[in-house]
Each structure stands twice: as structure tokens, then as C-alpha cells.
Amino acid sequence: MKHRRAETVLVGDSVVMAIVAESPATIEAIAPRRSLLKRRSPGRARGERPVAANVDQVVVVGAALMPAWDPYLIDRFIAVAEANGLPVAVVINKADLAPAAASLGVPYEQAGYQVLVTSARGGQGIDRLRELLEGRVSLFTGPTGVGKSSLLNQLVPGLRLRTAEVSPRSHAGRHTTVAAEMHPCVGGGFVVDTPGLRDVGLWGLSPGDVADAFPDVRRHGAACRFDDCRHREEPRCAVRDAVEAGTLAVSRYGSYRKMLDEAEVAARPWA
Ligand SMILES: Nc1nc2c(ncn2[C@@H]2O[C@H](COP(=O)(O)OP(=O)(O)OP(=O)(O)O)[C@@H](O)[C@H]2O)c(=O)[nH]1
Ligand SMILES: [Mg+2]
Ligand SMILES: [Zn+2]
């Protein structure tokens, strides 16, 4: 396929292989994909980068501490999965370092996401996480150094993915995982470990796509006065009301506004 410059084979693809006697096996075709996760290439303004095929759900992992929980970054990871049409679960790892870790999950629970509080060190939440993964293809994503590989090492007996201490000075991760890799789970299903990112691009989501990538904003927005309300300064905006009432987290609303601004700038023809 490489010689024919056909489509790139991705982690998670089912392929047709030709195995002829002693010669090396070759991939002849890629089976139709039931899903495709892609995001923007770092640096390149509008290039898309496919990450994995046939993923059933995206598990967005953050650390309660070291590195500190970053709601905006987490919301961006969630939005990329939503924009790819994939279900999302949120994991708050390193709970052993932060007694109040569970409170970080409130904005996502309000949004309707399943939230798991875990510790790859102490073992907290690992059984529930294993249940979440059973029988499905799950992709772990999130910032670098939050413990994605460490969690997978706890979940899958015999797996020894490389992990590394976060920098003691900056508390930042070190980009230890360098490529997406898929591994079988015990209860059936597969997990895909991916390299952590410092940021994740939105690859030219239109402003309308941004609203769609925030199911909680969309849900509250159904009651806005104007059908085309973008939930900024418009009168009788049900989304702003929800923020005021505490049913939509300020952080979620702030992330939506920032990403909407970004999408509008990117959509300008001269940008
Ligand atoms: N205290 C504590 N440390 C953890 C936990 N999970 C992971 N760590 C540590 O955090 C550091 C980073 O863990 P990794 O598993 O390499 O993180 P990662 O998310 O895979 O990072 P990248 O591959 O760079 O994306 C390692 O030193 C782990 O031992 C946890 O639950 N509690
Ligand atoms: Mg890793
Ligand atoms: Zn509105």
C-alpha cells in the first residue's frame, strides 16, 4: 500500500494481509472504518492528522496534581473527541496526591460525562476503569505526564509501557509515549495509548461545530430566545442563565467562548 501511495494504515485498522511463503507479509487493503479520530497537526495551520481508526470511546485523562488539572486543556481534548463523533469519559488521575480530586469532576458530570477518579499508584478507581474499557476499543488521550501509560500498566497485566517522572521543577510531563499503540484488554476490547500533548489543535472547526462539540452548552442553548444565539451578549440567553444558576460550570462556558473566538478567527477568509 505504501508503494501505491494509498491511504495510511492507522492504529486500530483491520487490514487484509498477504502472506506468501517466506517473503515478508504485506498489507493489501484496509477494511472500512467505523470511526476515525483526527486532530490538527501541530504547527500546520489546517492540516488534519488521523490518529486512530475504529475507536469506540475516548478516555480523556488529566492529573489532579503534577501537572495541575487544566480545565481548558481538558475541554479541548473533549471537544476534539466530540467533533469526531466519539463518546467521551473523563478520568481524574493521581487522586492520591489530592484529597479533593473528585470535586474537579463536577463540571463534566453536569455535562453528562462519566467521570472516574483514579490513582495508578494507589489503585483507586482501577476496577471501575477496567469495567469502562471492557469489550470496547478505547483511546487514552490527555496532557503529557498525567499517567495515561501508568494507568494502562495497572489495567493490563503484563503490560510494561514506558513511563517517566514529571519534571520536578515545571511539573510538566516529558512526552514519554511517542506513538499511538494498541493493546488487548483482559475482559475483551483494546486500549490505545497515545502521546500526551501540550495542546491540541481544533483543525478549523467552524463556529457551529464548536457549539456541537459542547453537548452541555447545546442542551441549555435549546431554550435561548434566538435560534442562532452564540451565547455571548445576546438577550435572554439560556446558556448564560445556566452559568448563573450553577448548572453549567463557569470553566465549561469559558472554554466554549474561547474556542468559539478561535473558530471565528480561523473562519475568516483573510486569517
Ligand atoms: N502519585 C501518582 N503518580 C502517578 C500516578 N500515575 C502516574 N504517576 C506518575 O506520573 C509520571 C508520568 O506518568 P506516565 O504514565 O508516564 O504519564 P503519561 O500520561 O503516559 O505521559 P506521556 O506519555 O508523556 O503522555 C510517572 O512518574 C508516574 O509514575 C498516580 O496515580 N499517582
Ligand atoms: Mg505515556
Ligand atoms: Zn444563548
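Whatever order the structure lists ligands and atoms in, that order sets their numbers, starting from 1.
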(request) Assess whether side-chain hydrogen bond (donor to acceptor under 3.5 Å, both in side chains) is satisfied between Ser149 and Thr163, documenting all intermediate values. (result) CA-CA 6 Å; Ser149 301; Thr163 66; over 6 Å; no
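Side chain of Glu234 to main chain of Arg232: a donor-acceptor pair is present (N/O by atom type, distance under 3.5 Å, no hydrogens or angles). At least one donor-acceptor pair closer than 3.5 Å links the side chain of Asn54 to the backbone N or O of Gly12. The backbone N or O of Ser206 sits less than 3.5 Å from a side-chain atom of Asp209, completing a donor-acceptor pair.
Tally of protein N, O or S atoms closer to the Mg ion (ligand 2) than 2.8 Å: 2. Protein nitrogen, oxygen and sulfur atoms, that is N, O or S, within less than 2.8 Å of the Zn ion (ligand 3) amount to 4.
Side-chain heavy-atom separations under 4.5 angstrom define the hydrophobic clusters, and the remaining members of the one that includes Leu10 are Leu36.
At a threshold of 4.0 Å, the pair Arg130-Asp127 counts as salt-bridged, since one of the basic side-chain nitrogens sits closer than that to a carboxylate oxygen. Salt-bridge annotation for Arg174 and Glu165: absent, with no side-chain N of the basic residue lying under 4.0 Å from a carboxylate O of the acidic one. Residues Lys258 and Asp75 are not paired through a salt bridge, judged by the lack of any N-O separation under 4.0 Å between the basic side chain and the carboxylate. Salt-bridge formation is detected for the pair Arg257/Glu233: a Lys NZ or Arg NE/NH1/NH2 atom is positioned less than 4.0 Å from an Asp or Glu carboxylate oxygen. Using a 4.0 Å cut-off between charged side-chain N and carboxylate O, Asp261 and Arg230 make no salt bridge. Between Arg76 and Glu262 a salt bridge is recorded (basic side-chain N to carboxylate O distance below 4.0 Å).
Protein residues with any heavy atom under 4.0 Å from ligand 1: Asn93, Lys94, Asp96, Leu97, Ser119, Ala120, Arg121, Thr144, Gly145, Val146, Gly147, Lys148, Ser149, Ser150, Thr163, Ala164, Glu165, His175, Thr176, Thr177, Pro195, Gly196.
Relative ring orientation between His231 and Tyr256 is described as tilted, the plane-to-plane angle lying within the 30° to 60° band.
Taken from OG1 in Thr118 to CG in Leu132, the straight-line distance is 11.0 Å, to the nearest 0.5 Å.
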